[in-house]
Visitor: 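My questions all concern the structure below.
None of the values given here were measured: they were computed from a predicted structure. Just follow the structure's listing: the first ligand is 1, and inside any ligand the first atom is 1.
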Amino acid sequence: MHLFTYIALAIVFAAFSLFTYFRSRRPSKVQDSEFPGPTLIPWIGRIHDLPIDYMWLKFKEWGDTYGPIYKTEMLGAKFIIISDEKIAEELLVKRAKNYSDRPQIRSLFDSKSTHGSMEYLPLMGKNQYWSRQRRWTHAKLTENSNAGYHGVMSHEIRRWLYRLVENPDDFQFSLEDMASKVMCQLTWDDTSISEYCTKSAWGLLTQMSPAGPITNILTPLWHLPLPLNPWRRAERKRHDEQQAWWMERLVTVRAQMEKGMARRSICREFLETQGSSNISGDYEASCVIGMLALVGIFTVAGPLNYFLLAMVYHPDWMAKVQEEIDTVCEGKLPELSDSPRLPILRACIKETMRWKPNVPTGVAHEVEADDFYRGCFIPKGTRILPLDIAFLRNPVKYPDPESYRPERWLESGWPTFQEPLTQFPTIKGLTSFGWGQRACLGQTLTQDELIIACGGLCWAFNLKQKVDPVTGEKIEIDLNKSNSLLIVKPDPFQMAFEPRSGERREEVVRLWEEAEKRDVEEREAFRRDVLARTKA
Ligand code: HEM
């Protein structure tokens, strides 16, 4: 044989040996099975027919076609979409060690905090910052819950009911403002900044959502040079303003503390224990507290908005909730302590969250190391999407899934019925709050706030469709129209808040005036006390 032939044969043999060696290191099932999924175009994947609006519906449609676990790709990013709770449990809970990272959000700077930015706890990769901030946030929310933070919620619901009496048409603004005031009070003891806080939360929510800047989908655009890159310039501005505002809050509380004038808040708690805390210092603290304030606004406002729609279109259930409240609370505004005796109210809230989930796509986890599941290979870096809308439309667990049926939580015979009704239904543990090590930290806060707010609404008002003053016809609301951000809310709509009686109306006004007076007095007493101590 010619020398060249020997060399060629040697190369082929070496290549074949290498190939079989590497192949033998991965179980043969890798080559045998792959998850099903829509046909992928090289590199593009399925970006071309995934709509930005209501993206979750397309994911669900593919789930109905390809089954409870399927794969897809977008511009090189690999996705696995899960529509079955058991599979989500097996991967995201039982294998949480490997399935709890987060993907980088392209249009945020260092959203994973890989480079130590420490800014967005819910978006962080599974790193040291995430681990200590998660622990710290959990501890603060638990401490505040035990210390009776629902007093803050009761105060704010009184203000909101009053605002609804005075200016009902502004309800969508005042609803979000109520949720924002609760968070601003808890974090910084300052409700006057709630409007700015809501705007700031909106800016971040938009920036992080696939339906936000185009650079979240067409990711290469993010890397254009700055002069040609309006997206990166806009984000720089938004980001810097947000960080400065968070820091300003912390500095303000510290200044109040120095004068002895700071009342209880999560920020003060941090500054008091700064030395012993595992949070690294002012910058990280300003971020973890700021993020906490932001994350509690649209998350709670979503179910509140949809509760209004549920009641408007299901007056029979509103009447049942009202009857329950009137009997149990004997005419008084419901408080959190009434909750064990208000199962119908809890069922209507839980069914609202099932019927109109406000994070319908779920929040993606990222896989840290190569893995196999059901004989199929899942490469490191794959994004796992627990598709909440699919879990909540499962007809076996939730018969008649498209309809609003609170009785599924109240009557035996339904797959989701659970006793005792003093405890169940509870929204805690619903798939909407996510999975495993990344599960939502705000479940108790959400439950407490929704019970007080939704209970208050039904106590005070008949929630109704608005009547067009010209035609005399009821104004319809499109129940399926919403934005398409990660946390959704219904498109602007009109409705009527009819006080249940003249007396109830007066009671709403009286309760707010009383609460406001008490608040002013408490602040004044605190100030007097500090001044007296300073003089002594
Ligand atoms: C209806 C209300 C809410 C819903 C549906 C919701 C949903 C979620 C979801 C889906 C996740 C991600 C879970 C995962 O990756 O598996 C999450 C994480 C988180 N939530 Fe909520 N949430 C709500 C309210 C709140 C509130 C009121 C707070 C705090 C005041 C809060 C704080 C957090 C935090 C800090 C995380 C990050 C956890 C981590 O990454 O380790 N959430 N939430």
Visitor: Using heavy-atom distances only, which candidate in His138, Met124, Arg134 approaches atom 41 (O) of ligand 1 most closely?
Guide: Arg134

Visitor: Can you list the steps and then say if Asp282 with Gln274 is a side chain to side chain donor-acceptor pair (under 3.5 Å)?
Guide: CA-CA 9 Å; Asp282 282 7; Gln274 190 159 9; 2.9 Å; yes

Visitor: In the protein, what heavy atom is nearest to atom 12 (C) of ligand 1, and what distance, to one decimal place, separates them?
Guide: Arg102 NH2, 3.6 Å

Visitor: If you look only at distance, which donor and acceptor atoms sit under 3.5 Å apart when one is on a side chain in residues 390-400 and the other is two or more places apart or in another chain?
Guide:
| residue | atom | partner | partner atom | Å |
| --- | --- | --- | --- | --- |
| Arg393 | NE | Glu402 | OE1 | 3.4 |
| Arg393 | NE | Glu402 | OE2 | 3.3 |
| Arg393 | NH1 | Arg354 | O | 3.2 |
| Arg393 | NH2 | Trp355 | O | 2.6 |
| Asn394 | OD1 | Val396 | N | 2.8 |
| Lys397 | NZ | Glu85 | OE1 | 3.2 |
| Lys397 | NZ | Glu85 | OE2 | 3.0 |
| Asp400 | OD1 | Ser403 | OG | 2.9 |
| Asp400 | OD2 | Ser403 | OG | 3.1 |
| Asp400 | OD2 | Arg405 | NH1 | 2.8 |

Visitor: Please list, in number order, the atoms of ligand 1 under 4.0 Å from a heavy atom of Pro303.
Guide: 1 (C)

Visitor: Around atom 21 (Fe) of ligand 1, list the protein N/O/S atoms within a radius below 2.8 Å, excluding water molecules.
Guide: Cys440 SG

Visitor: For Asn358, which part has a heavy atom under 4.0 Å from ligand 1: side chain, backbone, both, or neither?
Guide: side chain

Visitor: With backbone taken as N, CA, C and O and side chain as the heavy atoms from C-beta onward, which portion of Glu449 lies under 4.0 Å from ligand 1: side chain, backbone, both, or neither?
Guide: neither

Visitor: Will you find, in the side chains of Ser145 and Thr444, an N or O donor that is under 3.5 Å from an N or O acceptor?
Guide: no

Visitor: At under 4.0 Å between heavy atoms, is it the side chain or the backbone of Met291 that contacts ligand 1, or both, or neither?
Guide: neither

Visitor: Just jot down the ligand 1 atoms closer than 4.0 angstrom to any heavy atom of Trp435, in number order.
Guide: 14 (C), 16 (O)

Visitor: Going by the atom numbers of ligand 1, which of them fall below 4.0 Å from some non-hydrogen atom of Leu292?
Guide: 29 (C), 30 (C)

Visitor: Which atoms of ligand 1 are found less than 4.0 Å from any heavy atom of Met183?
Guide: 30 (C)

Visitor: With a cut-off of 4.0 Å, which atoms of ligand 1 are near a heavy atom of Met353?
Guide: 1 (C)

